[in-house]
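Here's the structure we're looking at; comments come further down.
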Number of protein chains: 2
Amino acid sequence: MQRRVTIEDIAREAGVSRQTVTRAMNGMPRISEATRARVLEVSERLGYRPSRFASNLARSTKTKTIAFVVDSFRNPYYSELTADLLDATSARGWQMSIFSHEDEPELQLIGRLASQVDAVVGYLGETDEAALGSAARGVPLVLLGRTATAEGLHSVDFDFGPAFARLAAELRERGAKRFGLLESQPLGTIYKPSSRRIAYEDAVDAHSAEAVVVCEAPPQSMDAGQLGFNELMDRFPETDTVIAFSDLMAMGALRAAHRRGIDVPGQVRLVGVDGLSLGAVTSPALTTLAILGTEFAEQVADVVAKALSGQGDAAARRIVPSILWRESA
Amino acid sequence: MQRRVTIEDIAREAGVSRQTVTRAMNGMPRISEATRARVLEVSERLGYRPSRFASNLARSTKTKTIAFVVDSFRNPYYSELTADLLDATSARGWQMSIFSHEDEPELQLIGRLASQVDAVVGYLGETDEAALGSAARGVPLVLLGRTATAEGLHSVDFDFGPAFARLAAELRERGAKRFGLLESQPLGTIYKPSSRRIAYEDAVDAHSAEAVVVCEAPPQSMDAGQLGFNELMDRFPETDTVIAFSDLMAMGALRAAHRRGIDVPGQVRLVGVDGLSLGAVTSPALTTLAILGTEFAEQVADVVAKALSGQGDAAARRIVPSILWRESA
DNA sequence: GTGAAAGCGCTAACAG
DNA sequence: CTGTTAGCGCTTTCAC
């Protein structure tokens with residue numbers, strides 16, 4: 001365990017002051033090319049590597065790092081969102097670290113992150129707001145896909161009300177009569193209507209609202225969509241329009257439809273939710289209520305920016321998903 | 001711009017020493033519950049947030065963060081790899097930050113990262129090794145998908161030789177007679193045979209090696225696969241086995257086959273390369289030469305670990321892709 | 001259980 | 001152009 005090579009070593013070896021070394025290393029002005037070259041040569045020879053902690057501590061403008069937390073980056077929804085968010089954060093000069101809470105309790109993870117990053121944003125399950133807030137210990141926390149009510153918590157959520165209303169209206173114009181809904185819930189849990197479920201029911205007529213299948217399967221999975229579609233068509237054969245609560249489920253439904261020989265959109269119109277770019281390559285390409293995209297990521301980054309700057313109170317933003325018409329409906 | 005609340009402030013307000021505040025904040029021993037509670041209360045009241053830079057500087061065991069760099073996280077290959085790598089790095093207690101070099105020159109990005117992270121790993125294009133090495137300024141650099149020869153550079157590459165040999169043999173056992181190859185190259189570039197192209201040619205017979213389509217299209221895209229498959233079948237109609245150099249291309253080929261009414265694997269066997277989990281949900285599911293998976297990520301993490309610990313010279317590892325038989329071949 | 005002293009390694013502000 | 005002087009905010013000894 002040899003001692004680290006510090007700026008001091010370079011200074012001594014090059015016969016200059018520490019300050020001069022700093023100037024050379026950081027490409028600062030007020031130093032002659034000759035000494036800069038010499039310092040650089042020495043530092044290379046000695047294998048000097050500046051400490052980012054020391055430099056950030058001393059420097060007035062510090063590196064900002066934001067943590068992005070989701071269940072799993074294997075889910076295309078999260079990985080596409082990651083890409084969007086990375087664009088937004090790096091445009092602002094921030095560094096983005098990623099974390100999944102697959103195997104670490106959520107609150108514990110947040111507690112750890114509080115001492116490692118400048119802000120935490122992510123999909124944080126159902127955890128109690130107060131608990132989240134105190135785990136964050138003052139580090140700005142931006143909740144995604146849910147609305148924060150507690151003091152000091154930020155959020156970016158979706159407003160499915162107008163989205164489903166518009167979707168239902170436009171689908172009716174295209175001839176939709178009988179809607180069917182495909183939702184999923186984790187195995188062994190008790191079903192609790194989501195905010196989008198409520199928005200959906202407001203948007204379709206009472207009769208249609210009964211044609212609902214809640215599939216007990218890994219949520220957001222193609223399997224859930226496949227199973228659910230089959231059950232839906234068995235129980236409500238007159239259904240001509242199916243809305244799945246995620247694009248992955250819709251893709252599963254699409255596969256089930258192919259297998260049953262049901263033409264999409266000829267016999268049954270199919271709409272997903274999420275806006276995965278993956279949905280563009282199915283056949284037919286998937287019409288979807290898009291959440292993903294620049295607007296979402298920009299809103300998130302914007303909330304983070306406000307929170308980081310300390311100004312602006314807790315923001316609870318909502319964005320209205322937009323209909324992305326492709327081929328399946 | 002008010003002054004930051006420091007440990008000093010808490011100490012003064014709570015009537016203890018800075019040391020005691022540290023003990024309280026970090027759950028260290030040798031402090032009474034009473035004073036701990038009091039300090040915590042004060043720190044919360046004053047909105048104290050420890051500086052991670054100061055604490056890392058002073059602490060003997062510092063946070064490690066590694067940078068993962070790719071073209072774009074929108075490419076499923078990279079996003080699946082990201083998930084694999086995140087598992088491997090977080091298991092080792094490292095933080096992982098992600099970066100794309102879509103809009104920043106590679107060398108410039110690496111130069112920046114050198115002062116922000118402890119190691120850089122990624123797919124770094126064709127850039128000259130010497131240039132990469134000097135841009136990294138001593139920070140360990142792990143090149144993926146290419147073999148490093150220069151001093152001090154690490155790499156994890158793939159050995160397609162045995163993989164293609166085995167693949168060709170097993171395909172022949174299953175009845176394959178005429179192979180066709182689907183490759184892509186970026187628009188407007190000059191084709192340069194890749195190492196996998198050479199390995200492929202060693203593995204198939206001379207006649208088959210002529211049935212090759214190099215599609216000028218966004219590489220790794222479904223479109224390239226679709227276009228290429230059509231051209232391949234037009235020019236070499238007797239082809240009964242198609243190997244695409246990425247799963248995305250294979251998926252495009254699969255779509256083209258459907259459109260042409262060619263049964264896969266009945267009339268034409270189809271094999272991709274990468275091992276995308278996405279390939280499991282096509283119909284038929286895609287047989288592939290898998291790169292992705294725990295082994296790759298573990299190897300990478302292992303190389304990083306060695307490099308970080310300073311011991312172990314530059315490692316140039318190679319892993320042999322494994323055949324993942326699914327349905328398409 | 002608590003505190004004092006001595007850094008961690010670097011950069012800002014100023015002087016020369 | 002270069003050096004000196006102070007910190008940045010926290011943790012580590014090591015006394016008490």
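Only heavy atoms go into these numbers, but all of them, side chains included; no hydrogens, no water, no symmetry mates. From a predicted model like this one, the values you see are computed outputs, not experimental measurements.
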- Task: Using a cut-off of strictly less than 4.0 Å between a heavy atom of the residue and any atom of DNA chain D, enumerate the qualifying residues of residues 108-118 of chain B by number.
- Result: none

- Note on the structure: In short, ring-ring contact (aromatic ring centres under 6.0 Å, His included) pairs touching residues 104-138 of chain B with sequence neighbours left out are B:Tyr77-B:Tyr123, B:Tyr78-B:Tyr123

- Message: Restricting to ring-ring contact (aromatic ring centres under 6.0 Å, His included), what partner residues turn up for A:Tyr48, sequence neighbours left out?
- Response: none

- Give a yes/no on whether any side-chain N or O of A:Thr20 is located under 4.0 angstrom from OP1 or OP2 of D:dG3. yes

- Set of salt bridge (charged side-chain N to carboxylate O under 4.0 Å, His left out) partners for A:Lys64, sequence neighbours left out: none

- Item | Pairs involving residues 8-29 of chain B, ordered by first then second residue, that meet ring-ring contact (aromatic ring centres under 6.0 Å, His included) (sequence neighbours left out) | none

- Rounded distance in Å - CZ (A:Arg38) to C1' (D:dC1): 13 Å

Enumerate, atom names and distances included, each donor-acceptor pair closer than 3.5 Å involving a side-chain atom of residues 138-145 of chain B, sequence neighbours excluded.
none

- Item | Set of salt bridge (charged side-chain N to carboxylate O under 4.0 Å, His left out) partners for B:Arg112, sequence neighbours left out | B:Glu104

- Task: Could you run through nucleotides 6-11 of chain C and give me one letter per nucleotide, 5' to 3': B if any protein heavy atom sits under 4.0 Å from the base, S if only the sugar-phosphate is that close, - if neither?
- Result: BBBBBB

- Item | Partner residues of A:Arg74 under the side chain to side chain contact (heavy atoms under 4.5 Å, CB included) criterion, sequence neighbours left out | A:Ser72, B:Ala83, B:Asp84, B:Asp87

- Task: Answer yes when B:Glu33 and B:Arg36 have at least one side-chain N-carboxylate O distance shorter than 4.0 Å, and no when they do not.
- Result: yes

- Task: Return no unless some side-chain N or O of B:Thr35 is found under 4.0 Å from OP1 or OP2 of C:dG1.
- Result: no

